[in-house]
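Down below is the structure, laid out as structure tokens.
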Amino acid sequence: MNSDVEEVKSRVNIVELIGEYIRLTKAGSNWKALCPFHNEKSPSFIASEERRSWHCFGCGKGGDAFSFVMEMEGIGFREALEQLAQKAGVQLKKYEGTKKKEDSVKPKLYKILELAAKWYEKNLWEGTGKEKILKYLRERGLTDETMRKFRLGYAPEGWRNILEFLLKKNYNIADISKTGLLVEKSVNSGQRTVNNKIGKDLNNNTGHWSLTADRCYDRFRDRIMFPILDVMGRVVGFSARVAPGGDEKNAKYINTPQSELYDKSKTLYGLHLAKTEIRKKDEIILVEGNMDVIASSQAGFPNTVAVSGTALTFEQIKIIKRYTENLKMAFDMDSAGQAAAKKSARVCLENDLDVRIVLLPSGKDAADIIRENKEIWRKSVLEARGLIEYYFEDIFSRHDSKDPLGKKKIAKELLNVIKDISSPVEQSHWLKVLAEKLGTEEKILANVLEQSKKETRETKTGSREVEKKQEKKGYSHEKRIIGLLLAFPKEGRRQLEKIRPDYFFEKEEKSILEAIKKEKGDYDPAKIKSSFSDYKLVKFIEETILEAEVEAENRTEGQRFFDPALELKACLERLKKTRIKEKIVRITQDIKEAERTGDKEAVKILVNEFQNLASGIEI
């Protein structure tokens, strides 16, 4: 098992891996980025190719390739190992350890969805969709190469096609249902109707009916299939359009419901194909639908993604910010599209994204425009209007700025937008513009704006307090001492004798210190690391070394020169004072207890000990 872990780790370039998720920039011998695990405006996330590890100095999280994937994907260690082994081309030895049930389910669901996607593709190119569906897609302007690139497929008519196919592949009905490919029939029980949710575990011993194949049918029937893939290129769900000439009484598009793999609020259609171009162009184009993404990509804008007809969520904004802070929004100009655009824009402003609006001809979506005239689409994207500028033009066009009531409406709507701008400089600029255009004193508008910002400010203050607590929690004198000892062994050897093991309370740090002291001053960091077989402890060692090295490298001009020996000495002194202060607190409590019980002798001894301890530090 450990040999597998090391083999995979040695083959995976951690900078390239992390770069698939977030935008990294070179910083000396390391790489830095905005941390994907907490909100920040200045990058505190560091990745080291040499150390094959990463660490965030803001939230305290860190580790290796496995821990990064575990954090980003929300999966267990075994699944992260399997995922990276596949990426690195490493054949894992048979795993005999006990696995949690939830850890073993997800890989199976991914396999089911991948099989389903291939089956739908085959039906498009070789099956019943070959004539009607291919003809329709080609008429929509899509090339065969584009259709294959986005893995389009076709779900034929019939109630049990995909169900029977997957059952024949020896997948059980419970696992198939967890993918969202099936719908369960309602089952009558007396006067009560039980409609069990997809993916719910059912147990025959409870007395309730169990999930069986005859109670399920295919969710997608006679529909063009658009596989939805995660950032790693794994199928997590489907969006399905009714086939041309099909029954549109229900919904034109239906999607996979919320499942263990698919979360609509955290998914951006096409991102797995667009992420490299987004990073390269430092810009993302956001459209409404799947066909818009495909058409835009084919038209020469491969940095296009979609939100599947809903407004942007905070989670999707976080994903976008991993790659760029520049967004061009191209939503339909109808009322629904504009409502979604405005809602999305607000979230973007709050999260400091630079947003521009792509103005489309009324009544047409991006795919229609591209099919009719690619040049109109190209020009619209290149000439996208600044978001606030767009708001000004839109709101002023709907109200009379010379009428007092019109002025009031304009001020109310635009101040509601301006208050969401995170940059004070930009906010001040637009406040001044609004005052000039309305012929109103800027001070009056500023007072109204400040009033409307109060609630928002209180919320943000609460968030910052939580963040400060997290930072404080992540800081450890013990951890820093271990990092300095291992990163700078030459200087560490001179201080080793002064380090008292009884000052170390944390289990990991204490065990590493004991291993170092066993070497009697002539320790080798690589040998210390290899002496531990526990994966978590090895990861911890790598993280502490990286932290120390990054701290040394990033000492800015004006700060004291980084001397490892002095840093170690100062850190030891701080740890010593911390432990003494903790002891003083305990003695103070003991003195109160002794006074309460009338034990004068104990009070005398404890006070003397208190004075001896206190004389050496500032309390």
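- Evaluation of the side chain to side chain donor-acceptor pair (under 3.5 Å) rule for Tyr262 yields no partner, not counting sequence neighbours.
- Judged by distance alone, the side chain of Lys26 and the main-chain N or O of Gly28 form a donor-acceptor pair under 3.5 Å.
- Under the 3.5 Å distance criterion, with hydrogens and angles disregarded, a donor-acceptor pair is assigned to the side chains of Ser296 and Thr304.
- Listed for the Thr588 side chain is a donor-acceptor partner under 3.5 Å among the backbone atoms of Ile584.
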(request) Would you please test Ile284 and Tyr323 for side-chain contact (heavy atoms from CB on, under 4.5 Å) and show each step? (result) CA-CA 8 Å; Ile284 188 169; Tyr323 302 97; over 6 Å; no
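- When Asp420, Ile418, Val355 are each tested for a side-chain contact (heavy atoms from CB on, under 4.5 Å) with Leu349, only one passes: Asp420.
- Between Glu514 and Lys510, no side-chain nitrogen of the basic residue sits less than 4.0 Å from a carboxylate oxygen of the acidic one, so the salt-bridge criterion is not met.
- Applying the salt bridge (charged side-chain N to carboxylate O under 4.0 Å, His left out) rule to Glu508 yields no partners; only residues at least two apart in sequence or on another chain are considered.
- Proximity of a side-chain donor or acceptor of Glu315 to a complementary backbone N or O of Lys264 within less than 3.5 Å is not detected.
- A distance of 12.5 Å separates CG of Leu486 from CG of Leu546, quoted to the nearest 0.5 Å.
- For Thr276, the side chain to side chain contact (heavy atoms under 4.5 Å, CB included) criterion is met by no residue, not counting sequence neighbours.
- In this structure, SG on Cys571 lies 8.5 Å from CD on Glu567, to the nearest 0.5 angstrom.
- Counting only heavy atoms from C-beta outward, the side chains of Val307 and Leu268 approach each other to under 4.5 Å.
- Here the side chain of Gln427 pairs a donor or acceptor atom with the backbone of Ile421 at under 3.5 angstrom.
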| Ile388 and His429: side-chain contact (heavy atoms from CB on, under 4.5 Å), yes or no, with the steps? | CA-CA 11 Å; Ile388 307 300; His429 167 77; over 6 Å; no
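- The closest side-chain heavy-atom distance from Phe540 to Glu509 is below 4.5 Å.
- In this structure, Asp590 has no side chain to side chain donor-acceptor pair (under 3.5 Å) partners at least two apart in sequence or on a different chain.
- When all heavy atoms of Pro227 and Phe150 are compared, the pair lying nearest together is CD-O, 3.8 Å.
- Here the side chain of Ser265 pairs no donor or acceptor atom with the backbone of Thr313 at under 3.5 angstrom.
- Not a single donor-acceptor pair under 3.5 Å links the side chain of Arg52 to the backbone N or O of Ala65.
- By the side chain to side chain contact (heavy atoms under 4.5 Å, CB included) test, Glu542 pairs with Lys9, Ser53, Asp64, Lys529, Val538, sequence neighbours left out.
- When the side chain to side chain contact (heavy atoms under 4.5 Å, CB included) test is applied to Gln589, the partners found at least two apart in sequence or on another chain are Val585.
- For the atom pair Leu572 CG and Leu496 CG, the distance stands at 9.5 Å (nearest 0.5 Å).
- Asp354 places no side-chain N or O within donor-acceptor distance of the main-chain N or O of Asn326, the cut-off being under 3.5 Å.
- Outside the 6.0 Å centre-distance limit, the rings of Trp54 and Tyr21 are not counted as a close aromatic pair.
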Requested in this report: Walk me through it: do Glu593 and Arg596 pass the test salt bridge (charged side-chain N to carboxylate O under 4.0 Å, His left out)?
Outcome: CA-CA 5 Å; Glu593 180 62 22; Arg596 188 184 66 80; 2.7 Å; yes
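- Here Lys527 pairs with Glu519 under the salt bridge (charged side-chain N to carboxylate O under 4.0 Å, His left out) rule; sequence neighbours left out.
- The minimum heavy-atom distance between Gly270 and Val293, with the atom names listed, is CA-CG1, 4.5 Å.
- Residues passing the side chain to side chain contact (heavy atoms under 4.5 Å, CB included) test with Ser29 are Glu553, sequence neighbours excluded.
- Of the possible donor and acceptor atoms, one in the side chain of Lys328 sits under 3.5 Å from a partner among the backbone N and O of Val381.
- Only one option out of His272, Lys275, Arg322 pairs with Val231 in a side-chain contact (heavy atoms from CB on, under 4.5 Å); it is Lys275.
- Residues satisfying the side chain to side chain donor-acceptor pair (under 3.5 Å) criterion with Lys280, sequence neighbours excluded, are Glu277.
- Between Ser67 and Gly62, the closest heavy-atom pair is OG-O, 3.9 Å.
- Between Glu283 and Arg356 there is no salt bridge, since none of the side-chain N atoms of the basic residue sits less than 4.0 Å from a carboxylate O of the acidic one.
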Practice item. Please step through side-chain contact (heavy atoms from CB on, under 4.5 Å) for the pair Val550 and His55, ending with a clear verdict. Key: CA-CA 9 Å; Val550 170; His55 181 75; over 6 Å; no
Name the atoms and distances for all side-chain donor-acceptor pairs under 3.5 Å in residues 43-50, with sequence neighbours left out.
| residue | atom | partner | partner atom | Å |
| --- | --- | --- | --- | --- |
| Ser44 | OG | Glu40 | OE1 | 2.4 |
| Ser44 | OG | Glu40 | OE2 | 3.3 |
| Ser44 | OG | Gly58 | N | 3.4 |
| Ser48 | OG | Asn30 | OD1 | 3.4 |
| Ser48 | OG | Arg51 | N | 3.0 |
| Glu49 | OE2 | Asn13 | ND2 | 2.7 |

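- A 4.5 Å side-chain heavy-atom check between Leu312 and Ile320 finds at least one atom pair inside the cut-off.
- A salt bridge between Lys569 and Glu573 is absent, with no side-chain N of the basic residue lying under 4.0 Å from a carboxylate O of the acidic one.
- With hydrogens and angles ignored, the 3.5 Å screen pairs no side-chain donor or acceptor of Ser428 with any backbone N or O of Pro424.
- When the side chain to side chain donor-acceptor pair (under 3.5 Å) test is applied to Arg234, the partners found at least two apart in sequence or on another chain are Glu73, Gln83, Tyr110, Asp230.
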Exercise for the section: Apply salt bridge (charged side-chain N to carboxylate O under 4.0 Å, His left out) to Lys87 and Glu16, showing your working. Expected result: CA-CA 12 Å; Lys87 187 181 184 70; Glu16 290 179 3; over 6 Å; no
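- By the salt bridge (charged side-chain N to carboxylate O under 4.0 Å, His left out) test, Lys321 pairs with no residue at all, sequence neighbours left out.
- Distance CG/Leu485 to CD1/Ile528: 10.0 Å, rounded to 0.5 Å.
- In this structure, Lys281 and Pro302 have side chains that are in contact, with non-hydrogen atoms separated by less than 4.5 Å.
- You'll find the side chain of Ile278 reaches within 4.5 Å of the side chain of Leu271, heavy atoms only.
- In this structure, the side chains of Glu491 and Leu568 stay at 4.5 Å or more apart for every pair of heavy atoms.
- Between Leu286 and Val305 there is a side-chain heavy-atom pair separated by less than 4.5 Å.
- Salt bridge status for Arg151 with Glu114: present, with a side-chain N to carboxylate O gap under 4.0 Å.
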- Would you sort out whether Ser259 and Thr179 count as a side-chain contact (heavy atoms from CB on, under 4.5 Å), showing the intermediate values? CA-CA 6 Å; Ser259 71; Thr179 65; over 6 Å; no
